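Only one structure is covered here, and it is reproduced in the block below.
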Amino acid sequence: MVGLSVGEQHFVKGGIAQDLRTDGRKRLAYRPIYVETGVIPQANGSARVKIGGTDVIASVKAEIGRPSSLQPDKGKVAVFIDCSPTAEPTFGGRGGEELSSELALALQRCLLGGKSGAGAGINLSSLLIKEGKVCWDLYIDGLVISSDGNLLDALGAAIKAALTNTAIPKVNVSAEVADDEQPEIDISDEEYLQFDTSSVPVIVTLTKVGAHYIVDATAEEESQMSSAVSISVNRVGHICGLTKRGGSGLDPSVILDMISVAKHVTEALMSKLDSEISAAEACEDES
């Protein structure tokens with residue numbers, strides 16, 4: 001938790017009101033973004049993302065599983081987040097556990113859409129190997145190393161980069177077996193399928209400070225917020241998920257305006273993230 005004096009609070013809020021934040025950015029500008037892929041060799045895919053002073057890592061592990069009886073034609077995805085106490089003293093103990101659960105739930109909503117699967121950024125059907133019998137289970141783990149605000153956007157970017165970096169082994173399934181038996185499978189050591197991330201969204205959090213809202217808020221700015229709305233938007237501008245935090249209510253017209261702004265900001269963010277991921281993948285291939 002950032003403690004600011006009354007003078008510092010006025011300075012932060014006054015700058016935002018005049019579209020000139022304390023680090024020189026405008027209200028809808030992001031801090032520099034850095035991406036590194038392949039940071040965890042044991043994972044099927046991994047990435048590290050830095051946005052200003054916020055530093056996070058995401059990894060993807062694929063394991064053979066069995067589809068649920070409710071969705072026999074789909075694989076499964078689980079998201080886990082760990083907020084390291086070294087990143088922020090308040091992350092120690094229960095405070096860190098609650099934040100980790102909150103972030104994991106928000107990311108799950110943003111990536112997997114509603115209960116019906118509508119708006120999902122990850123196509124669960126692509127993880128199916130044999131209907132009702134065999135599928136891939138994806139375990140997505142995120143770790144917060146350093147926190148200076150805007151954790152959800154950073155984790156969303158890291159997961160997108162990690163999924164782009166993910167290679168899933170090709171699987172051959174044995175001939176037909178009885179309904180009550182599991183088929184034999186052969187997992188290739190040489191052939192891999194690149195995970196399709198064309199529908200995976202980016203997350204844009206709009207933080208309301210005073211009468212205005214900003215993107216990529218620092219920890220100082222977040223300490224002065226009344227509320228924040230996180231909107232996940234995919235490459236074609238479709239809304240995949242929306243989550244709000246903070247006690248202050250928002251008028252529906254304000255929400256609609258925030259969605260419009262998020263769509264506008266997403267274009268530049270997606271382009272920047274694509275180029276950073278491509279550069280990181282090229283560096284990984286060279287090494």
Side-chain angles (χ1 to χ4, degrees), residues 1-4 8-9 11-37 39 46-58 81-91 96 99-100 102-103 106-107 110 142-162 201-210 212-225 227-233 245-246 261-262 264-280 283:
M1 184 64 68
V2 177
L4 300 181
E8 288 170 326
Q9 292 176 27
F11 183 67
V12 169
K13 292 178 179 177
I16 290 171
Q18 296 177 49
D19 201 14
L20 183 62
R21 294 154 74 175
T22 53
D23 54 10
R25 288 182 292 151
K26 291 187 176 294
R27 286 194 286 262
L28 300 182
Y30 272 78
R31 291 169 289 180
I33 300 174
Y34 165 82
V35 177
E36 183 183 358
T37 57
V39 294
S46 59
R48 181 176 187 174
V49 168
K50 297 179 184 178
I51 301 181
T54 294
D55 191 352
V56 300
I57 289 177
I81 303 299
D82 183 22
C83 296
S84 170
T86 58
E88 173 71 44
T90 56
F91 289 172
L99 179 60
S100 296
E102 181 185 325
L103 289 168
L107 288 164
C110 292
L143 173 64
V144 177
I145 301 171
S146 177
S147 173
D148 186 21
N150 203 27
L151 287 177
L152 191 60
D153 293 22
L155 286 165
I159 289 172
K160 184 176 175 67
V202 293
I203 301 172
V204 174
T205 298
L206 291 164
T207 304
K208 194 166 189 294
V209 180
H212 304 275
Y213 35 82
I214 57 176
V215 301
D216 188 23
T218 63
E220 281 188 349
E221 291 168 336
E222 285 183 344
S223 73
Q224 302 306 304
M225 78 174 196
S227 60
V229 174
S230 298
I231 303 161
S232 58
V233 187
R245 72 179 193 276
V261 171
H264 172 71
V265 171
T266 293
E267 294 179 17
L269 178 60
M270 187 79 78
S271 176
K272 174 65 175 173
L273 202 53
D274 283 344
S275 64
E276 288 292 325
I277 292 171
S278 296
C283 286

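This is a predicted model, so every value here is computed, not measured.
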> Between Ala158 and Ala47, what is the shortest heavy-atom contact and its length?
Replying inline: O-CB, 3.7 Å
> Does the side chain to side chain contact (heavy atoms under 4.5 Å, CB included) test come out yes or no for Asn150 and Thr205, once each step is laid out?
Replying inline: CA-CA 7 Å; Asn150 203 27; Thr205 298; 3.8 Å; yes
> Quick one: does Phe11's side chain get under 4.5 Å of Thr22's, heavy atoms only?
Replying inline: yes
>> How long is the straight-line distance from CD1 of Ile277 back to CE of Met270, given to the nearest 0.5 Å?
In response: 9.5 Å
> Is there a donor-acceptor contact under 3.5 Å from the side chain of Lys208 to the main chain of Gly210?
Replying inline: yes
> Can you name the nearest heavy-atom pair linking Ser147 to Val144, along with the distance?
Replying inline: CB-CG1, 4.3 Å
>> Quick one, Tyr30 and Val204 - any side-chain contact, counting heavy atoms below 4.5 Å?
In response: yes
> Does atom NE2 of His264 have more than 12 heavy-atom neighbours from other groups under 6.0 Å away?
Replying inline: no
> What distance do Leu151 atom CG and Leu107 atom CG have between them, rounded to the nearest 0.5 Å?
Replying inline: 10.0 Å
>> Which residue is it: Asp148, Asp23, Asp153, Asp55? I am looking for the one with a salt bridge (charged side-chain N to carboxylate O under 4.0 Å, His left out) to Arg31.
In response: Asp148
> Can you tell me if Ser223 uses its side chain to pair, donor with acceptor, with the backbone of Glu220 under 3.5 Å?
Replying inline: yes
> Taking the side chain as C-beta and beyond, is there a heavy-atom pair between Lys13 and Glu221 under 4.5 Å?
Replying inline: no
>> Ignoring hydrogens, what is the shortest heavy-atom contact between Gly149 and Thr54? Give both atom names and the distance.
In response: O-OG1, 2.6 Å
> Closest approach of Ala161 and Val35, non-hydrogen atoms and distance?
Replying inline: CB-CG1, 4.0 Å
> Do the side chain of Ser46 and the main chain of Val39 share a donor and acceptor less than 3.5 angstrom apart?
Replying inline: yes
>> For a quick test of reading the model, state the closest non-hydrogen atom pair linking Ala157 to Leu273 and the distance between them.
In response: CB-CD2, 3.8 Å
> Can you check whether Met225 reaches Ile214 side chain to side chain, under 4.5 Å on heavy atoms?
Replying inline: no
>> Before you tell me yes or no, could you show the steps for Ile51 and Val56 under side chain to side chain contact (heavy atoms under 4.5 Å, CB included), namely the whole-Å CA-CA distance, both residues' side-chain angles and the distance that decides it to 0.1 Å?
In response: CA-CA 9 Å; Ile51 301 181; Val56 300; over 6 Å; no
> Where the side chain of Ser278 meets the backbone of Asp274, is there a donor-acceptor pair that is under 3.5 Å apart?
Replying inline: yes
> So, does Arg21 use its side chain to make a donor-acceptor pair with the main chain of Arg25 at under 3.5 Å?
Replying inline: no
> Could you state the interatomic distance from NZ (Lys26) to CG (Asp19), rounded to the nearest 0.5 Å?
Replying inline: 4.5 Å
>> Let me confirm one number: the CG-SG distance from Leu155 to Cys110, rounded to the nearest 0.5 Å.
In response: 11.0 Å
> Do the non-hydrogen side-chain atoms of Leu143 and Cys83 ever get within less than 4.5 Å of each other?
Replying inline: no
> In Å and rounded to the nearest 0.5 Å, what is the OG1 to NE2 distance from Thr207 to His212?
Replying inline: 14.5 Å
> Between Arg245 and Glu222, is the closest basic N to carboxylate O distance under 4.0 Å?
Replying inline: yes
> Are Glu267 and Lys272 close enough, and set up right, to give a side chain to side chain contact (heavy atoms under 4.5 Å, CB included), and what steps lead you there?
Replying inline: CA-CA 9 Å; Glu267 294 179 17; Lys272 174 65 175 173; over 6 Å; no
> Shortest non-hydrogen contact from Ile203 to Ser232?
Replying inline: CG1-CB, 4.0 Å
>> For a side chain to side chain contact (heavy atoms under 4.5 Å, CB included) check, start with the C-alpha distance between Tyr34 and Val49, then their side-chain angles and the critical distance, and finish with the verdict.
In response: CA-CA 6 Å; Tyr34 165 82; Val49 168; over 6 Å; no
> Distance from Ser230 atom OG to Leu152 atom CG, nearest 0.5 Å?
Replying inline: 4.5 Å
